[in-house]
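The shown structure was predicted, so the numbers you read here are calculated from the model rather than taken from an experiment. The sequence lines fix the lettering, A, B, ..., with proteins before strands; numbering per chain opens at 1.
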Protein chains: 2
Amino acid sequence: MFPPERYQSGMSQTETKRYHHGDLRNALLRAGMEIIERDGLARLSLRALAAAVGVSHTAPKNHFGSMKGLVTAIGAQGFRKFAAEMRNGLTQASTRKERLHAATLGYVRFAQGHPELFKIMFSPDHCDREDTAFKDAAQESYRVLIEISEGLAWDKSEAPNAQKRTEIMLWSFVHGYATLLNAGRIDDRADGAPPPGILDIMPDFGYLDR
Amino acid sequence: MFPPERYQSGMSQTETKRYHHGDLRNALLRAGMEIIERDGLARLSLRALAAAVGVSHTAPKNHFGSMKGLVTAIGAQGFRKFAAEMRNGLTQASTRKERLHAATLGYVRFAQGHPELFKIMFSPDHCDREDTAFKDAAQESYRVLIEISEGLAWDKSEAPNAQKRTEIMLWSFVHGYATLLNAGRIDDRADGAPPPGILDIMPDFGYLDR
DNA sequence: CACTGTATATTTCCATTGGAAAGTTATACG
DNA sequence: CGTATAACTTTCCAATGGAAATATACAGTG
């Protein structure tokens, strides 16, 4: 952070400290996200966070209730970034296959670029899945998956939930790859060769022409 | 636990407490596993664990070094059970397809039956992946995956790592499914219908006749 | 403007936790 | 028998999340 410890937005450095922060909720979210992305969730404490923003360690409770509430809010932000990352590049893709590949690469790219955040987002231990904002943000991401798999012809059966099966099949595959990669379970095969990229092992989903 | 709190194996109840436990390492492993499976990792504390076994809260340090060392040892045990679960039923399978399905079902069954343990086993935050015993146990599980995917003809290319691609493809798929299922991400689709089983969405891997 | 309720933030206090350090007891081995 | 070492205990500490009571700012309302 640029101005040292107890600086607060809108407060000149000579000016005496304000009682009200003014934008504490957002400041906590930003600082919390920063700590998580840089040092990992294990290093995030309410006290360190509060200190970074210049408030007492119980101040976050007003806005987030508890540690879990804070992390849930950060996780929700994560899901919004996640959806954006997947949608990014989707516009330039013209064919269904290109769109599938773009979204898939976005999924993995986000997971690798934000490993701690990614982990938190999918961990019910850390995020409250009943939280409305969180649910909405997660749904926003899931919608991308739905849109992508709508064009796929992988499951040709007539059963009513064929579409759903396709979604879960695709999701399982991509999510598993990203998770194993982040857990260091893929790249440490003995031969030292680089691990296959996700497109190298993508199952053939087939594409509807319509 | 049957005999109350401070009982130690081989100690009659009237007898005064022994200084040396005798089999502390295994007792801690068993009690730790029990707590994790029943109450989750979050509820496991060195103090509670030590109390359950009847020793001081610093006693575990002699055998495991730290909390992470203890959890790593439990994770290793998990991987051994995991391999056994996958191999179980494998013997009765005659065809390659049956073997694939049996192992896959074993993977998911273990994950669902031991959600906390499964989570820990694949979390570098909780298990030390450099630990020798842990690595060996994990490898034991991975070997099952290798054996299974050796019979698959999914990746027909001649490239030298085609076999490896098949393994990772299969692993990603199964692991993703199990992970998402345990995270409650699959079964809570709106329509209330039961989620597809893993065999319902298994990609077609094809089988070598040899 | 004064008054008051409510949101925001602080201070103080507490139980719990993992671990470090030093001391105690048993065991193994010469 | 005696001594090194392994196995445990006791004591101490800093860090953490949170509860409770208090202080400060602010937004309406009369």
(message) What is the distance, to the nearest angstrom, from the CZ atom on Arg43(A) to the P atom on dG18(C)?
(response) 17 Å

(request) Could you tell me the separation between the CG atom of Leu41(B) and the P atom of dG18(C), rounded to a whole number of Å? (result) 10 Å

(request) Specify the separation, in whole Å, of atom CG of Asn62(B) and atom P of dG19(C). (result) 13 Å

(message) In whole Å, I'd like the distance from the CG atom of Asn26(A) to the P atom of dT8(C).
(response) 12 Å

(request) Could you list the residues that satisfy ring pair (Phe, Tyr, Trp, His ring centres under 6.0 Å) with Phe122(A), not counting sequence neighbours? (result) Phe79(A), Phe118(A), His175(A)

(message) Once side-chain hydrogen bond (donor to acceptor under 3.5 Å, both in side chains) is applied, what residue pairs with a partner in residues 63-83 of chain B remain, sequence neighbours excluded?
(response) Glu37(B)-Lys81(B)

(request) For Lys135(B), look at atom NZ and say whether over 12 heavy atoms of other residues, nucleotides or ligands are found less than 6.0 Å away. (result) yes

(request) Could you pull out all residues at least two apart from Arg143(B) that satisfy side chain to side chain donor-acceptor pair (under 3.5 Å)? (result) none

(request) Rounded off to whole Å, could you give me the CG-to-C1' distance for the Leu28(B) and dG18(C) pair? (result) 15 Å

(request) Could you encode protein contacts along nucleotides 17-23 of chain D as a string, one character per nucleotide from 5' to 3', using B for base contact, S for sugar-phosphate-only contact and - for no contact, with a heavy-atom cut-off of under 4.0 Å? (result) BBB---B

(message) Checking Asp200(A) now: which residues fulfil salt bridge (Lys or Arg N to Asp or Glu O under 4.0 Å) with it, not counting sequence neighbours?
(response) none

(request) May I have the distance from Leu49(B) (atom CG) to dG19(C) (atom P), rounded to whole angstrom? (result) 13 Å

(message) Check this one for me: any side-chain N or O of His63(B) less than 4.0 Å away from OP1 or OP2 of dA6(D)?
(response) no

(message) According to ring pair (Phe, Tyr, Trp, His ring centres under 6.0 Å), who are the partners of His114(B), at least two apart in sequence or on a separate chain?
(response) Phe110(B)

